[in-house]
Amino acid sequence: MSSALARRGSKTAATACKHHPNRNYFSHSFYRRDVLSPHQNIRDMSLLWLLTAAACSSSSPTRLFACRTALSMTTTAIQQRRTFRAKSEQLASASRSMAMMDDTSSLLTDSTCTTTTTTTTTTREKSLSNKKFHPRRIGKGCDLDELFQYLIESSHQLGRERVFKSLRTALYNASGYRVESAWRIYQQMIHHKVTDLMGANNYGHLLNILKYGTDPTTTISRMLNVLDDLRIQQESQHQKISLMHYSQVLFAMGRMGDSKGACALIQEIKTQGHVPLPSQFTSLAIATRNDKFYDATQEAAELMMEAMNKDQVVLENDACVTMVSLLSRQRSQGQRQQQMTVENNGIDRTVKFLEAVEYVRNKEDVDDTPTTTTTKSQYNVHVYTSLISGLAQKGDATNAKRLYDKMRQQGLKPTIATRTALIEAYGRAGDFDAALKLLNRKHHNSMVTSVLTNAIRHNKWDVAEMLAAPWMKKLESAKIDDKLRAALMWVKVKSDLDDARTFFDTLYQKDASYVNTVMVNHLVTGSGNQRSNEKVKEAYGLHPLTGKSPSLFSQHLLVDALFKCRDVPAALTAFMSMRRQGIPDDITLAMVIRGLIMNDEDTIAWNVFRALKKDGVQPNLWAYTSMLKAYAKSHSTTGINKQLVDVWPELHRAVTGRHATVESIMEKEKNKEKVEEEAPVLMPIIKNPSQAYLLFRELTGFQTPNEYTYTTLIACFSKHSLARATDVFSHMCASGVKPTVQTYTAMLQACSIFRSARGALLIFRHMRDQQVAPNSATWHYLLKALVRARVDKSRIDQIGNMAREAMGSNDNDKNNKSKRKKPL
DNA sequence: GTAGGGTTAG
């Protein structure tokens, strides 16, 4: 109700707002029917314990990134804010000077009342107008064009005070809460240079209308313009920007998803010596959630934690729920330019956030009367659902289930969303018995989607088939939503690509809304796996049918598919086109490195890799490992495709993002020669294991190598030095990274090359002790090592028999597996 | 009505 009143601009609402104890009338909860008491907020120590345990069990060793420090992040934010403000100011002054240049008539939309009217206006008419546009008479039905015309003609007689009063009344009574009207009235105030007469409340009212604008760019920039004007007034001590003004802008930023702007504004509030309001943090949380272009989760969380820990700010429940949801699903590593933090894990960060929430809640209890005797959980079902879902994404079904049980103990009833989150946890962990058991009662779209996609991920074709079959018949029914339909398409793509492709057409013909982007992506990926670049390109061409242009993610899949088809020029062309539209993430960059190396374009890969680092982009672990793979290759590939040499300068620009953004274009214009000097040179890759080792040392400065990285490094050494390969192997075991069958095989390969029977048998025993099952390659290199080391023939035969025996049963396994793998 | 389920890398 309050929001409706406020929107109508009713005086009652305004007064009610003014007298609200916290003057917190932009609070999101204020607009809600069920305003939660602060005590209903998060407060439950035992849950925190549980989560901390989950974080400890799942957290991997620290992955550090040499990036900006917290301090420089803040500075950058301020600088960005300044640039943005400067741009807004330019915009404002441009619009102002335009208004000045144009005279009276051009400011009016109604061209009928122009100069002719001015000359023929009689004294009587004037006095009529005087009456009509008297501040007291300006009401709802007032014609703004007429009013503006009148004011321009009579401003000299009326005096600026009177002009201002008329416009002010118009703002309150005639704008009708229409954004455009309010903005035009404000522009008139600027034109008549009367904004200095505006009171803080007038500014507040204006902002209150503007915040409901529909266009993100105009809405925010207009509001920032108003704020800038207010700031100028503040400097001449006319006005003071209050928290409510900031709240209005933050509210709009929340709606529009301008997370960078919201962070910067919160910082500004702090610099002004205020403590931001809880509702302002809620706006920040909403802005972070709604921002599709920038992930400010970490920055926002830190601002909130600081406020809680230092200023005892009690966050609103909405902000908590939103932040918990965002934090718990943060990717644990590999984000480019990520801030250096110890808590790189989503759950760690969530725990840290909740600790701050607990801290301030407990503090509040002590300050208040300590009457809270209830042990009942103060978390609501949404917080639990977010947390369960966060654990689910990490495949931590054990803790997800514990949390779910705990929630039930607290007497909270799980909803469909909660059960879906738990099903997702089981599915990710590969526990399909548990997932199906939960699904048993009612097959809801979201639950089926979850189990289905996880079954595909885990190659559980029996589960996928069983689940998909009944839905396949009604694929065209409206009862199936987008996500489920896409999951069913995925099943089809995996079982029969051509059939899936035909089916896409059938669906589209039935109803264009039945097809979506994800389906096209599945078709592109499926075609890539079939190594058919014609099919890839054809499938990619389906994107327009979904009514959406391909996102960066869709383009990522295209590039990957083209690399799989060994069409390097096409893949690189697609990648460069992708770069022109946005900044590829670390996964895309690693995929490009990998694609090049898989296609034996080692030199180009090496140069892309160098260019990234030189540009300050930290390649992630996957990129490093792919690069290492070039050194581990048995065949030498140093030649470069001529076509790629020609494409290199452009590729270099695409990788580093030189003059692709507005800023860099400006930079280039400013400093033309400097950019042109930088003709990128293709450096040859020097393939010796010491170089590989240097690369490995370098990556350990940023990330923790995993079993794949170690194995690749061992493979680099296996042809050169058994001692060094063994060193890496020992280092791997000492670091707690478990060798895989591939690791042991690489070691055995080294033993065979260096004719070490003793080494081979030691490695083989180690493998047995670790209960790792050998594969045919393992047996092959073990035997080869023994043969080359001239071990006693009877001994070799003995092991050869063991190998045949083991492989015989393995073959059976394989056959069974492939039988099982045959889908639908 | 908030929270949940769809497509990325050996």
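Throughout, protein chains are lettered first and strands after them, A, B, ... in sequence-line order, and every chain is numbered starting at 1.
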d(CG, A/Leu488; P, B/dG5) in whole Å: 18 Å
Listed once per pair and sorted, the side-chain hydrogen bond (donor to acceptor under 3.5 Å, both in side chains) pairs that draw on residues 544-553 of chain A, sequence neighbours left out: A/Ser551-A/Ser554
What does A/Ser554 touch in the nucleic acid at a heavy-atom separation under 4.0 angstrom: a base, only the sugar-phosphate, or nothing? nothing
Take the protein atom CH2 of A/Trp622 and the nucleotide atom P of B/dT8, then report the distance between them rounded to whole Å. 12 Å
With heavy atoms under 4.0 Å as the rule, sort A/Thr322 into base, sugar-phosphate or nothing. nothing
If you compare every side-chain N and O of A/Gln393 against the phosphate oxygens of B/dG5 (OP1, OP2), does one of them come in below 4.0 Å? yes
Between B/dG4, B/dA9, B/dG6, which nucleotide gets closest to the side-chain atoms of A/Asn620? B/dA9
State whether the side chain of A/Asn599 and the backbone N or O of A/Gly595 hold a donor-acceptor pair below 3.5 Å, judged by distance alone. yes
Have a look at A/Leu452 and say if it touches a base, only the backbone sugar-phosphate, or nothing, with a 4.0 Å heavy-atom cut-off. nothing
Check the distance between B/dT2's P and A/Ile416's CD1 and give it to me in whole angstrom. 13 Å
Integer-rounded Å distance: B/dG4 P and A/Lys413 NZ: 19 Å
From CG of A/Leu523 across to P of B/dT8 the rounded distance in Å is 13 Å
Look at the side chain of A/Asp481 and the base of B/dG5, then say whether one donor and one acceptor between them are separated by less than 3.5 Å. yes
Starting at atom CD1 of A/Ile587, determine the distance to atom P of B/dA9, rounded to an integer number of angstrom. 8 Å
Please tell me whether A/Thr322 and A/Ser325 have a donor and an acceptor in their side chains that are separated by less than 3.5 angstrom. no
Within this structure, what is the NE2-to-P distance between A/His444 and B/dA3, rounded to whole angstrom? 15 Å
Any N or O donor-acceptor pair under 3.5 Å from the base of B/dG6 to the side chain of A/Asn516? yes
Measure the acute angle between the ring planes of A/Trp490 and A/His522, then classify it against the limits of 30° and 60° as parallel, tilted or perpendicular. parallel
Within residues 421-430 of chain A, find the residues that approach DNA chain B with a heavy atom at under 4.0 Å, and present them sorted by residue number. A/Glu424, A/Arg428
B/dG5 base / A/Thr420 side chain donor-acceptor hit below 3.5 Å: no
Quickly work out the A/Asn317 CG to B/dG1 C1' distance and round it to whole Å. 14 Å
Under 6.0 Å between ring centres: does that hold for A/Tyr710 and A/Phe729? no
Less than 3.5 Å apart, any donor N or O on the side chain of A/Tyr404 or A/Gln409 sitting next to an acceptor on the other? no
Heavy atoms under 4.0 Å, any strand shown: does A/His556 hit a base, just sugar-phosphate, or nothing? base
Would you say A/Arg419 places a side-chain N or O within less than 4.0 Å of OP1 or OP2 belonging to B/dG5? no
Is the A/Tyr540 ring parallel, tilted or perpendicular to the A/His543 ring (thresholds 30°, 60°)? perpendicular
N/O (side chain, A/Ser450) to phosphate O (OP1/OP2, B/dG6) under 4.0 Å: no
Against the side chain of A/Thr449, the closest entry in B/dG4, B/dG6, B/dT2 is B/dG6
Ignoring the backbone of A/Ala486, work out which of B/dG5, B/dG6, B/dA3 is nearest its side chain. B/dG6
Taking A/Glu601 for the side chain and A/Val568 for the main chain, is one N or O donor matched with an acceptor at less than 3.5 Å? no
Presence of A/Thr418 side-chain N/O under 4.0 Å of B/dA3 phosphate oxygens OP1/OP2: no
Classify A/Asn706 by what it touches in the nucleic acid, base, sugar-phosphate, or nothing, heavy-atom distance under 4.0 Å. base
